[in-house]
J.: 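Dropping the structure in here first, questions after.
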Amino acid sequence: MTTEKTKIYFCGSIRAGRQDAEFYRRIIAMLSKHGQVLTEHIGLDDLMTPHLAKFPAGVDSDEKDKVIHDVDMEWLHQAHVVIAECTQPSVGVGFELGVAWKLGLPTLALYRPQKTSNGVTGISAMINGCKSDSWRVFNYSHFDELEPKILEFLEKFPPKS
Ligand SMILES: O=c1[nH]c(=O)n([C@H]2C[C@H](O)[C@@H](COP(=O)(O)O)O2)cc1CO
């Protein structure tokens, strides 16, 4: 059972490419019906929106990146569940998934199978090969397949607090 208090950390590619940004926006809109999405900015054009208030004028980009990292890690530690769209391979998403695994957070990785440049099909073995009770990978083709799968996942792993 989810409530509006269920905190969902959504992950999606940013610097690794914004080809799926519209997909992220639609997934976030759907997730918002089932809880509070902490990382709504991932579906927005203005990616920096929630972090901006923390930037004093004149900070350099390393400092900005530290703020992005620190805010996101704070949110990840508050989250009850993690849902990641992994079709665009992103180092940042991979890092977030590693942290989620270490924290033991229920995690659902979503992936649209496609050939990579070296001709291999499939999500990274580090994600697909990670076997734990609360870790799921879902291969899909169309957006319409996502809501039932996400609901099934959220109902299986209700927030503990
Ligand atoms: O500006 C940002 N804001 C932000 O929240 N992130 C986080 C959330 C995303 O799930 C993930 C994307 O990583 P990457 O930029 O390596 O594709 O990192 C990443 C960036 C840029 O790396």
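Remember, it's 1-based here, ligands and their atoms both numbered in the order they're listed.
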J.: Considering both backbone and side-chain atoms of C11, is one of its nitrogen or oxygen atoms within less than 3.5 Å of a nitrogen or oxygen in ligand 1?
T.: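 It does not: no N or O of C11 is found under 3.5 Å from an N or O of ligand 1.
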
J.: Should the pair E63-K66 be classified as a salt bridge under the 4.0 Å nitrogen-to-oxygen rule?
T.: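 The answer is no: the pair does not qualify as a salt bridge.
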
J.: Which residues satisfy the side-chain contact (heavy atoms from CB on, under 4.5 Å) test with Q88, sequence neighbours excluded?
T.: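 Listed in chain order: S13, Q19, D20, Y24.
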
J.: For A16, counting its heavy atoms only, list the atoms of ligand 1 lying under 4.0 Å from any of them.
T.: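 Answer, ordered by atom number: 17 (O).
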
J.: Please say whether S90 places an N or O atom under 3.5 Å from an N or O atom belonging to ligand 1.
T.: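 Yes, at least one N or O pair falls under 3.5 Å.
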
J.: Please identify which atoms of ligand 1 are closer than 4.0 Å to at least one heavy atom of R15.
T.: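 Atoms satisfying the 4.0 Å criterion: 14 (P), 15 (O), 17 (O), 21 (C), 22 (O).
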
J.: Looking only at heavy atoms, what is the nearest atom pair of E85 and I27, with distance?
T.: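 Distance-wise, the nearest heavy atoms are CG-CD1, 3.7 Å.
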
J.: Are any of the N/O atoms in I68 less than 3.5 Å from those in ligand 1?
T.: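 No; every N/O pair is 3.5 Å or more apart.
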
J.: Of the options Q78, E96, H80, which is the one that meets Y9 in a side chain to side chain donor-acceptor pair (under 3.5 Å)?
T.: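 By the side chain to side chain donor-acceptor pair (under 3.5 Å) criterion, Y9 pairs with just one of Q78, E96, H80: E96.
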
J.: Only heavy atoms of D72, strictly under 4.0 Å: list the atoms of ligand 1 that pass.
T.: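 By the 4.0 Å cutoff, the relevant atoms are 4 (C), 5 (O), 6 (N), 7 (C), 8 (C).
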
J.: Taking a cutoff of less than 4.0 Å between a non-hydrogen atom of the residue and any ligand atom, is Q88 in contact with ligand 1?
T.: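 It does not, in that no heavy atom of Q88 comes within the 4.0 Å cut-off of ligand 1.
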
J.: Show, in sequence, the C-alpha distance, side-chain angles and deciding distance for H41 and D72, and conclude whether the side chain to side chain contact (heavy atoms under 4.5 Å, CB included) test is met.
T.: CA-CA 11 Å; H41 64 291; D72 284 359; 4.3 Å; yes

J.: Could you tell me whether some N/O pair between G12 and ligand 1 is separated by less than 3.5 angstrom?
T.: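 Between G12 and ligand 1 (N or O atoms, distance only) the closest approach is under 3.5 Å.
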
J.: Does I42 come within less than 4.0 Å of ligand 1, judged by its heavy atoms?
T.: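 It does; at least one heavy atom falls under 4.0 Å.
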
J.: Mind checking what makes side-chain contact (heavy atoms from CB on, under 4.5 Å) contact with P113, not counting sequence neighbours?
T.: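 For P113, the residues satisfying side-chain contact (heavy atoms from CB on, under 4.5 Å) (neighbours in sequence not counted) are Y111, T121, N139.
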
J.: Can you name the atoms of ligand 1, numbered from 1 with element, that are less than 4.0 Å from a heavy atom of H41?
T.: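 Matching atoms, with element in brackets: 3 (N), 4 (C), 5 (O).
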
J.: Is the Lys NZ or Arg CZ of R112 less than 6.0 Å from the centre of F23's six-membered ring, within 45° of the axis?
T.: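 Judged by the rule (NZ or CZ under 6.0 Å from the ring centre, within 45° of its axis), R112 counts as positioned above F23.
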
J.: Under a 4.0 Å N-O cut-off, is there an ion pair linking R15 with D65?
T.: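 Between D65 and R15 there is a salt bridge, with a charged N closer than 4.0 Å to a carboxylate O.
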
J.: For ligand 1, which atoms, with element, lie under 4.0 Å from some heavy atom of S13?
T.: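 Going through ligand 1 atom by atom, the ones under 4.0 Å from S13 are 17 (O).
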
